[in-house]
Amino acid sequence: MEDIIAGICVNFITEVINFFSESKARSMVEMETSLKQKADQFIVEMIKVYFKGIDKAIEEDKAGRRKKGIVIERKEDDREVYTKFGYIEFNRTYYYDKRREEYVYLLDKAVGLEGYERVSRTVSAELIGHAAETSYGESSRHVCDGEISRQTVMNKIRRIKGLEMEMPKEKRKVKVLHIEADEDHVSLQDGSSAIVPLISIHEGIERKGKRGQCKNIHHISSYGKGSEELWLGAAERIYGTYDIESMERIYIHGDGASWIKEGLNWVSKAKMVLDRYHLNRAVIEVTGRHQELRKEIYLAMKEGDKEKFKQIIRVMLRESQSDKERERIKNFRRYIINNWEAITIYGEEECKGSCTEGHVSHVLSSRLSSRPMGWSRKGLKDMAELRAYYCNGGRVEARHLESEEEPYKLSRKVLGKATKAFKDFGMEKLNNIVLLRNGKVTPLFRHLKNIQYDGYLF
């Protein structure tokens, strides 16, 4: 085993030295690409030796396995796994666990490789991170040159657990808090459409140059959850982040949908504010033939004059030319009356600071609906939650993909045997390399001597 390790090390050093020994100037691009390939291959070979040592040590630990009721079923079973360094192909021993009545690869369990998984958890986390921004196929091409299928990337996303941002250690004190609630309409694979809600919590808009930015924003999104469950999550985030007692007011901005108004039941000190975007859109749509009445409608709402508003609606109904137009006007009247307090609040309190459509576009639409695609219901739920997590500043790590399988713990004795070859292999072993004993001074000889005595390559 020590000879194998020495051979791998010498081959790697030789390749690097030869790369720099050629009589031409190496470009930075060549160094970054070629040397990375050589380094990756070197690490792959060392990992394979390490795996072989652990597998052999477990196999030779007959007494330890006997106590656990584990016997050898067969040897030299092949496996490959894609890692940050490329594919690693190795062999390992197959065992039968008499107590649990199951067949297991103890090497896999010892090093944290799940059964049948072809991608390491670190690579999986990178694939998920890119898939949060672009398609599954693009994620595979970016991370591993397309060697992993789109289906595999999707399966990795479905295994994520624990995508929750930590609560701050100390609660923040603010006078006013804004909650914006809206939804995205997404196409499903069966041809139907789905509504994906988004709740965005922030402390108001602060100016950075000519642009505004929501301060300390936090997004909550999912698919398939009821409004109560969504607002429960929002309430937990608010009460865990802010000192509610010192807060004066919470404004919930939205289009007045029932699921949005549900937030008033979960958050104290909350008032509903009809979002300007949806209000303006409703006014423009209903006054297509009566554009001269738009100013009067806005003025009535600004002054809080409900009777004047109703009078304008009666005029529009009298002048309507079809049942469809009359129905549209009646729906508009119902919409405004049902949200009257959420509209007139603009003239009573300083409640500006809403950009619901922008949040939906940035968090959801940019990935879910801006391009022609159809989602499964499970995939839509996972991606909505992943998008919210990433837009909150979170990043998927290997810990979010922790295996549910129980690891195989190596005893100190077994681990010592497995790593003995690495411990015994020191720089002094380079004395056994023929090149260092034949007396011929070459560039490679000089560099190996530097490593042998001084521990450096150049």
Side-chain angles (χ1 to χ4, degrees), residues 131-135 157 163 165 177-188 192-206 211-227 229-235 237-238 250-264 266-267 270 272-285 335 339 342-343 351-377 379-394:
E133 302 292 340
T134 185
S135 68
I157 293 176
L163 292 185
M165 301 297 292
L177 191 68
H178 297 269
I179 305 173
E180 300 176 18
D182 204 350
E183 57 203 25
D184 190 21
H185 296 265
V186 182
S187 299
L188 296 177
S192 62
S193 63
I195 293 175
V196 182
L198 174 67
I199 298 174
S200 303
I201 305 164
H202 64 87
E203 300 168 14
I205 297 177
E206 57 182 356
R211 302 187 65 181
Q213 182 175 322
C214 294
K215 186 178 179 181
N216 294 323
I217 193 165
H218 181 87
H219 302 286
I220 297 172
S221 185
S222 187
Y223 171 71
K225 291 184 178 181
S227 58
E229 187 175 1
L230 280 171
W231 282 108
L232 173 60
R237 169 57 56 175
I238 293 170
I250 298 176
Y251 295 110
I252 300 179
H253 304 262
D255 62 3
S258 58
W259 79 266
I260 297 177
K261 289 182 177 179
E262 176 67 25
L264 298 172
W266 290 88
V267 183
M272 188 70 203
V273 181
L274 193 66
D275 179 65
R276 289 282 194 184
Y277 171 81
H278 295 94
L279 175 60
N280 293 336
R281 188 175 67 176
V283 173
I284 291 172
E285 288 178 354
Y335 178 66
N339 293 285
I343 297 171
C351 55
K352 297 179 181 179
S354 172
C355 43
T356 55
E357 285 298 309
H359 294 320
V360 169
S361 176
H362 172 63
V363 180
L364 299 180
S365 301
S366 61
R367 182 65 177 90
L368 300 180
S369 59
S370 62
R371 288 161 286 183
M373 63 181 76
W375 293 87
S376 68
R377 298 182 188 277
L380 185 56
K381 176 181 182 299
D382 294 335
M383 184 54 69
E385 294 176 356
L386 180 62
R387 284 292 303 166
Y389 182 71
Y390 263 75
C391 290
N392 288 334

Would you say [X]'s side chain and [Y]'s backbone share a donor-acceptor pair under 3.5 angstrom?
{"X": "Arg387", "Y": "Val363", "value": "yes"}
{"X": "Asn392", "Y": "Gly394", "value": "no"}
{"X": "Glu180", "Y": "Thr356", "value": "yes"}
{"X": "Arg367", "Y": "Ala384", "value": "no"}

Can you list everything that forms a side-chain contact (heavy atoms from CB on, under 4.5 Å) with [X]? Sequence neighbours excluded, please.
{"X": "Ala388", "value": "His219, Ser221"}
{"X": "Arg377", "value": "Leu188, Asp190, Ser192, Tyr223"}
{"X": "Ser370", "value": "none"}
{"X": "Thr134", "value": "Glu138, Arg371"}

Can you tell me how far apart [atom1] ([X]) and [atom2] ([Y]) are? Round to the nearest 0.5 Å.
{"X": "Leu198", "Y": "Cys391", "atom1": "CG", "atom2": "SG", "answer": "8.5 Å"}
{"X": "Leu368", "Y": "Met383", "atom1": "CG", "atom2": "CE", "answer": "7.5 Å"}
{"X": "Leu163", "Y": "Tyr390", "atom1": "CG", "atom2": "OH", "answer": "8.5 Å"}

side-chain hydrogen bond (donor to acceptor under 3.5 Å, both in side chains) against [X], all qualifying residues, sequence neighbours excluded:
{"X": "Trp259", "answer": "Glu183"}
{"X": "Lys225", "answer": "none"}
{"X": "Ser361", "answer": "none"}
{"X": "Glu203", "answer": "Arg172, Asn216, Tyr242"}

Not counting sequence neighbours, which residues clear salt bridge (Lys or Arg N to Asp or Glu O under 4.0 Å) with [X]? List them please.
{"X": "Glu229", "value": "none"}
{"X": "Asp255", "value": "none"}
{"X": "Lys381", "value": "Glu385"}
{"X": "Glu357", "value": "none"}

